[in-house]
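Written below as structure tokens is the structure these notes are about.
Computation of the quantities below employed the complete heavy-atom set of this structure, encompassing side-chain atoms and omitting hydrogens, waters and symmetry-equivalent molecules.
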Amino acid sequence: SVGASSSSSSSSNHLLLQTRMFALGTLRNIANTTSPQQYRLCTTQDGMLLDLLCDITTHSSEGEDSSIRDKAFAVIFNLVSKDTAVLLISHPRLVDTLVEAASVHTTLQEAMNISVESASAMSFRALNALDGAVASSDCPEELRFKVRQAIDRVNEARRYEEMAVPELY
């Protein structure tokens, strides 16, 4: 019967979503550890975890609960340390992923049904944590500049959104 099939599919989707949320919650907790362990998480299998986190934050399907994306940003935030800063900043997509999420204006996020509190705030907190980590480490100057430039891009995007004139209907 069609109703049973639809119900079963919905139940499977809910279970898959719940499993992904629990897995990311577990990763978030694991990432909240000492710097050597964070470094190991970032370097295992050529940075596979960082690649997966970027994929989750940029390729989550529209129908998915935004908490999946939010938890992925929380994992990234928890991975930031003096020992991991160079790895995170050097990742080919991570900084741009953080900038894109942090730049989304609150009202636009609400319109897109994205969790305002977590996605934008957590990604911006991660950028600021990276800035603090590179300031207290022997990080190459070009990476310090990359983080400062990323934060400036977010601030500029947020200012632009605040200045935008609302459309008249």
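Here the CG atom belonging to D70 is positioned 12.0 Å from the CD1 atom belonging to I56, to the nearest 0.5 angstrom. For the atom pair CG of N128 and OG of S123, the computed distance is 10.0 Å after rounding to the nearest 0.5 Å. Put simply, OG1 on T33 and CZ on R40 are 10.0 Å apart, with the number rounded to the nearest 0.5 Å. Rounded to the nearest 0.5 Å, atoms CZ (F145) and CG (D152) are 8.5 Å apart. Distance check: L88 CG to Y39 OH gives 11.0 Å after rounding to the nearest 0.5 Å. A distance of 10.0 Å separates CE of M48 from CG of D46, quoted to the nearest 0.5 Å.
A heavy-atom distance below 4.5 Å is found between the side chains of L53 and L24. Within the 4.5 Å cutoff, no side-chain heavy atoms of L17 are placed close to those of F22. Looking at heavy atoms from C-beta onward, R93 lies in side-chain contact with D51 at the 4.5 angstrom threshold. Between L143 and S90, some side-chain heavy-atom pair lies under the 4.5 Å cut-off.
Here the side chain of R28 pairs no donor or acceptor atom with the backbone of A74 at under 3.5 angstrom.
Taking a 6.0 Å sphere around NZ of K146, one finds it holds more than 12 heavy atoms contributed by other residues, nucleotides or ligands. Atom CD of E142 has more than 12 neighbouring heavy atoms from other residues, nucleotides or ligands inside a 6.0 Å radius. Atom CD of E100 sits in a sparse spot, with 12 or fewer heavy atoms from other residues, nucleotides or ligands closer than 6.0 Å.
Side-chain atoms of T84 and Q38 form no donor-acceptor pair, as typed in the model, at a separation below 3.5 Å. Side-chain atoms of S120 and R158 include a donor-acceptor pair closer than 3.5 Å.
Evaluated for a side chain to side chain contact (heavy atoms under 4.5 Å, CB included) with V75, the options T26, I30, L27 yield exactly one hit, L27. C42 pairs in a side chain to side chain contact (heavy atoms under 4.5 Å, CB included) with only one of the listed residues (L50, V86, L49), which is L50.
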Handout entry: Intermediate values then yes/no, salt bridge (Lys or Arg N to Asp or Glu O under 4.0 Å), R144 and D131
Key = CA-CA 7 Å; R144 291 175 197 240; D131 188 42; over 6 Å; no

Practice task
List the steps, then state whether side chain to side chain contact (heavy atoms under 4.5 Å, CB included) holds for K82 with S35.
Solution key: CA-CA 7 Å; K82 192 169 78 169; S35 292; 5.6 Å; no

Practice task
Run the numbers on Q149 and V95 for side chain to side chain contact (heavy atoms under 4.5 Å, CB included), then give the verdict.
Solution key: CA-CA 10 Å; Q149 194 175 38; V95 172; over 6 Å; no

Exercise for the section: Start with the C-alpha distance between I89 and L94, add both sets of side-chain angles, then the distance that settles side chain to side chain contact (heavy atoms under 4.5 Å, CB included), and finish with yes or no. Expected result: CA-CA 7 Å; I89 299 164; L94 190 83; over 6 Å; no

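In this structure, A126 and V80 approach most closely via the heavy-atom pair O-CG2, 4.1 Å. Contact detail for A72 and T57: the closest heavy-atom pair is CB-CG2, 3.6 Å. Contact record, A31 with L79: CB-CD2, 3.6 Å, taken as the closest heavy-atom pair. Listed here is the closest heavy atom pair of A119 and A101: O-CB, 4.1 Å.
With hydrophobic clusters built from ILVMFWY side chains whose heavy atoms lie under 4.5 angstrom apart, M122 shares a cluster with I68. Each of V99 and L87 belongs to its own hydrophobic cluster when Ile, Leu, Val, Met, Phe, Trp and Tyr are linked at side-chain heavy-atom distances under 4.5 angstrom.
A cation-pi geometry, defined here as NZ or CZ lying under 6.0 Å from the six-membered ring centre and within 45° of its normal, does not hold between R125 and F73.
The existence of a salt bridge linking D96 and R153 is confirmed by a sub-4.0 Å separation between a basic side-chain nitrogen and an acidic carboxylate oxygen.
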